[in-house]
Amino acid sequence: GRARSKPVPVSVLTGHLARATLRLEPPGVFEARVSSGALRIGARLRLTGVAPTPDPVLGPAGGNPGAGAELLAPDGEVRHTVPPGTYEVVFDAGPEFRPETRRLRLEAGKTARLEVELGRALQRRGWFALDPYLLTRHSPTSSTPMAARVAACRAQNLDGIVLLDEGQSTAPPPGAG
């Protein structure tokens with residue numbers, strides 16, 4: 001959640017120690033709330049740096065709530081440290097809602113909050129939102145833990161998932177959703 005430091009030149013003679021002091025600015029804190037009407041809804045948030053700000057790294061692949069440049073808000077709210085800068089934030093809550101994009105300016109040591117209301121893209125009366133092909137770390141082609149995969153699906157407001165881990169029999173962990 002920190003910006004890159006400025007380079008610090010260091011000279012070291014063979015057999016000697018050298019000390020260098022790096023001054024890192026404090027991270028910013030990003031808070032978001034996503035709703036539709038009066039209800040909070042789960043969402044996935046993708047942060048893209050606006051030049052010269054690079055895309056953030058918010059956590060390892062499969063992380064929860066942050067992975068790469070994405071944050072998960074399965075219950076409609078998220079709070080995470082983010083390097084200072086300017087970002088475009090895309091709020092996506094699955095096929096039922098229209099995605100929205102907002103600009104975020106985050107200063108070192110400060111908190112910025114976005115509240116977004118997503119409109120419905122469709123009414124799915126009688127329809128079931130399902131992702132029929134998901135892999136977890138139990139598959140040789142994915143490193144995503146099952147709990148993180150379930151949280152991501154909750155953030156997309158899916159009613160069900162089908163786990164297709166090659167050569168494995170898997171079930172969601174107790175309490176995963």
Smallest separation among heavy atoms of [X] and [Y], with atom names:
X: Glu100; Y: Glu117; answer: CG-O, 4.3 Å
X: Leu45; Y: Ala32; answer: CD2-CB, 3.7 Å
X: Ile161; Y: Cys153; answer: CG2-SG, 3.3 Å
X: Pro84; Y: Thr53; answer: O-CG2, 4.4 Å
X: Pro56; Y: Tyr87; answer: CD-CE2, 3.6 Å
X: Ala151; Y: Pro74; answer: O-CG, 3.8 Å

Any side-chain heavy-atom pair from Phe97 and Arg120 closer than 4.5 angstrom?
->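 Yes, at least one pair of side-chain atoms sits under 4.5 Å.
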How about Leu114 and Phe30: do any of their side-chain heavy atoms sit closer than 4.5 Å?
->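 SC-SC contact between Leu114 and Phe30 confirmed.
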Residue list, salt bridge (Lys or Arg N to Asp or Glu O under 4.0 Å) with [X], at least two apart or on another chain:
X: Arg46; value: none
X: Arg125; value: none
X: Asp92; value: Arg44

Could you give the distance from [atom1] ([X]) to [atom2] ([Y]), rounded to the nearest 0.5 Å?
X: Glu25; Y: Glu107; atom1: CD; atom2: CD; answer: 10.5 Å
X: Leu104; Y: Arg113; atom1: CG; atom2: CZ; answer: 12.5 Å
X: Asp131; Y: Asp159; atom1: CG; atom2: CG; answer: 12.0 Å
X: Leu47; Y: His80; atom1: CG; atom2: NE2; answer: 10.0 Å
X: Leu71; Y: Arg79; atom1: CG; atom2: CZ; answer: 12.5 Å

Taking only residues two or more places apart in sequence, or in another chain, which ones meet Ala18 in a side-chain contact (heavy atoms from CB on, under 4.5 Å)?
->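 Applying side-chain contact (heavy atoms from CB on, under 4.5 Å) to Ala18 gives Val10, Val12.
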Who pairs with Arg105 by side-chain contact (heavy atoms from CB on, under 4.5 Å), at least two apart in sequence or on another chain?
->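 For Arg105, the residues satisfying side-chain contact (heavy atoms from CB on, under 4.5 Å) (neighbours in sequence not counted) are Thr86.
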Among Ile41, Asn157, Val116, find the one that has a side chain to side chain contact (heavy atoms under 4.5 Å, CB included) with Ser36.
->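 Among Ile41, Asn157, Val116, the one meeting side chain to side chain contact (heavy atoms under 4.5 Å, CB included) with Ser36 is Ile41.
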Can you list the residues that meet the side chain to side chain donor-acceptor pair (under 3.5 Å) rule with Asp75, with sequence neighbours excluded?
->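 Side chain to side chain donor-acceptor pair (under 3.5 Å) check on Asp75 returns nothing, list empty.
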After noting the C-alpha distance and the side-chain angles of Leu58 and Val82, does the key distance pass the side-chain contact (heavy atoms from CB on, under 4.5 Å) rule?
-> CA-CA 7 Å; Leu58 303 171; Val82 176; 3.9 Å; yes
